[in-house]
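So that the names make sense, note that chain A is the first sequence line, chain B the second, and so on, each numbered from 1.
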Number of protein chains: 2
Amino acid sequence: MVNQARRAERRGEALTRESIVAAAIELLDLEGDAGLTFRALATKLSTGAGAIYWHVANKEELLLAATELVVSAALSNADDAGDTTPRETVRTIAVGVFDAIDAHPWLGTQLARAPSHSAMLSIFEGIGRAVQALEVPQAAQFTSAMTLVNYMLGVGSQNAANARMVDAAADRREFLSKTAAVWAALDADEYAFTRTMAAPLRDHDDRAEFLAGIDLILAGIARP
Amino acid sequence: MVNQARRAERRGEALTRESIVAAAIELLDLEGDAGLTFRALATKLSTGAGAIYWHVANKEELLLAATELVVSAALSNADDAGDTTPRETVRTIAVGVFDAIDAHPWLGTQLARAPSHSAMLSIFEGIGRAVQALEVPQAAQFTSAMTLVNYMLGVGSQNAANARMVDAAADRREFLSKTAAVWAALDADEYAFTRTMAAPLRDHDDRAEFLAGIDLILAGIARP
DNA sequence: ACCTGAACACCGTTCAAGT
DNA sequence: ACCTGAACACCGTTCAAGT
């Protein structure tokens with residue numbers, strides 16, 4: 001009886017792995033990494049916390065599945081871009097991952113946390129093929145692909161961390177200009193360089209900056 | 001009376017912020033990220049969990065202090081290297097951070113988690129000065145320094161994650177060769193590139209590979 | 001000023017019991 | 001087969017009470 005009531009609340013939809021992962025993503029997007037708890041998830045799905053464990057082994061597996069789903073969506077978008085050069089392909093994949101992390105900041109944390117899983121492999125494969133197409137010598141392909149992917153990972157975790165901060169601050173622009181103010185006020189001797197970077201920090205565009213880094217690495221790859 | 005007994009156990013040493021941070025680092029090194037709890041820390045320091053809060057605001061501040069201490073030690077080592085070229089300086093700083101993360105895997109997670117704090121600033125400053133010395137044009141300095149630091153961050157979080165995995169596996173070599181075997185067995189169409197990278201993955205040296213990535217970026221920076 | 005240790009409000013996960 | 005919901009073994013953090 002009580003069961004039936006519960007099921008009715010979720011409109012007869014059975015609890016499935018897919019619906020659980022989808023709800024987890026919604027929760028992560030809305031509340032951030034800390035927002036995903038089995039109790040909150042259970043409430044959202046009108047069920048008990050324990051029920052989720054029948055479909056998903058544990059929290060790690062749930063996060064892995066969420067990551068995989070979001071990344072594969074981003075990469076299949078990138079697939080449709082119809083790039084004409086390998087350089088463009090690298091940029092498309094990179095921007096795809098960047099935008100996915102922008103839309104789902106928890107993804108940055110997640111990718112940095114479990115680099116060996118399937119989402120990471122897909123990214124590595126896509127980048128690697130483009131590197132091959134760039135006619136990078138066999139021996140340099142590993143380093144080239146890894147450098148690109150590691151850079152993407154670094155920016156991703158930065159963005160995830162920044163998103164956590166911005167949550168506290170009112171918005172991103174304000175956050176950047178506050179940080180820039182801190183940089184500008186640093187000790188003139190100890191932080192001579194960083195001080196001069198306050199203005200670029202305040203005015204930069206994250207996405208453009210990210211792509212500039214990709215281009216820098218591509219230039220290094222192309223160099224004999 | 002009971003107080004006196006406690007104090008005697010820790011040999012009369014007062015509980016200080018420094019001793020707490022040092023104990024936290026030991027715990028993190030020995031047990032990993034999950035090993036640092038206020039209860040474990042209190043036991044190690046022969047005190048109560050609540051006592052720690054008189055010296056440290058919360059867990060985040062504690063992790064920040066631990067990160068700062070380890071990074072500044074690594075960077076001051078790098079300072080003593082007596083590099084002759086800016087390229088060498090970049091490599092020395094990069095390797096210093098790499099080795100610090102190698103010795104303290106939790107550091108990789110931590111740096112990726114809170115990029116705006118003081119440890120990250122010190123790294124950025126060191127790299128930035130070297131970039132300036134490379135005579136990179138003003139407008140490109142921000143991108144150049146950020147790209148290097150983000151790459152270092154990406155590798156760092158990878159290494160932290162790998163260290164977590166290796167804990168489960170017997171040792172690193174075994175872990176790499178197992179992962180390589182998985183790569184080699186991937187679908188021939190879907191993972192054409194990654195399959196060919198199984199051998200490089202198995203045989204590569206982390207440190208050398210990391211430096212090769214730094215050199216790649218440096219080559220891109222030097223390119224007109 | 002500094003410390004104690006119980007208590008609070010959470011977690012992930014398990015599992016007997018239900019349908 | 002699938003779900004419930006109480007229970008277990010943890011967390012970080014607070015705080016009245018002690019010295």
Exercise. Can you check whether B:R172 reaches B:N162 side chain to side chain, under 4.5 Å on heavy atoms?
Worked result: yes

For this session: With the side chain counted from C-beta on, respond yes when B:K59 and B:L36 share a heavy-atom pair under 4.5 Å apart, and no when they do not.
Result: yes

Exercise. If you count the non-hydrogen atoms of other residues, nucleotides and ligands that lie under 6.0 Å from CZ in B:R173, is the total more than 12?
Worked result: no

What is the distance from [atom1] of [X] to [atom2] of [N], rounded to the nearest Å?
{"X": "B:L41", "N": "C:dC3", "atom1": "CG", "atom2": "P", "answer": "13 Å"}
{"X": "A:L27", "N": "C:dG12", "atom1": "CG", "atom2": "P", "answer": "11 Å"}
{"X": "A:Y53", "N": "C:dT13", "atom1": "OH", "atom2": "P", "answer": "4 Å"}
{"X": "A:L62", "N": "C:dT13", "atom1": "CG", "atom2": "P", "answer": "10 Å"}
{"X": "A:L63", "N": "C:dG12", "atom1": "CG", "atom2": "C1'", "answer": "12 Å"}
{"X": "B:I20", "N": "C:dC2", "atom1": "CD1", "atom2": "C1'", "answer": "11 Å"}
{"X": "A:E60", "N": "C:dT13", "atom1": "CD", "atom2": "P", "answer": "9 Å"}
{"X": "A:I52", "N": "D:dC2", "atom1": "CD1", "atom2": "P", "answer": "16 Å"}

For this session: Return yes if a side-chain donor-acceptor contact under 3.5 Å exists between B:T67 and B:Q110, otherwise no.
Result: no

Problem set entry | Verdict with supporting geometry, A:R207 and A:D102, salt bridge (charged side-chain N to carboxylate O under 4.0 Å, His left out) | CA-CA 9 Å; A:R207 211 156 170 276; A:D102 199 50; over 6 Å; no

For this session: Would you kindly compare A:W54 and A:G50 by the position of their nearest DNA chain D nucleotide and give the one closer to the 5′ end?
Result: A:W54

Problem set entry | Base-pairing string, 5' to 3', of DNA chain D - Watson-Crick or wobble, under 3.5 Å, | interstrand | ||.|||||...|||||.||

Exercise. Can any side-chain N or O of B:E61 pair as donor or acceptor with the backbone N or O of B:V56 at less than 3.5 Å?
Worked result: no

Problem set entry | Trace of the salt bridge (charged side-chain N to carboxylate O under 4.0 Å, His left out) decision for A:E60 with A:R113 | CA-CA 10 Å; A:E60 198 182 324; A:R113 206 167 186 73; over 6 Å; no

Short N/O separations, protein against nucleotides 7-11 of chain D, under 3.5 angstrom:
residue : atom : partner : partner atom : Å
D:dC11  : N4   : B:R39   : NH2          : 3.3

Exercise. Parallel under 30°, tilted from 30 to 60°, perpendicular over 60°: which one fits the rings of B:F210 and B:Y151?
Worked result: parallel

Problem set entry | Residue B:H55, side-chain atoms from C-beta onward, closest of C:dC3, D:dC3, D:dT13 | C:dC3

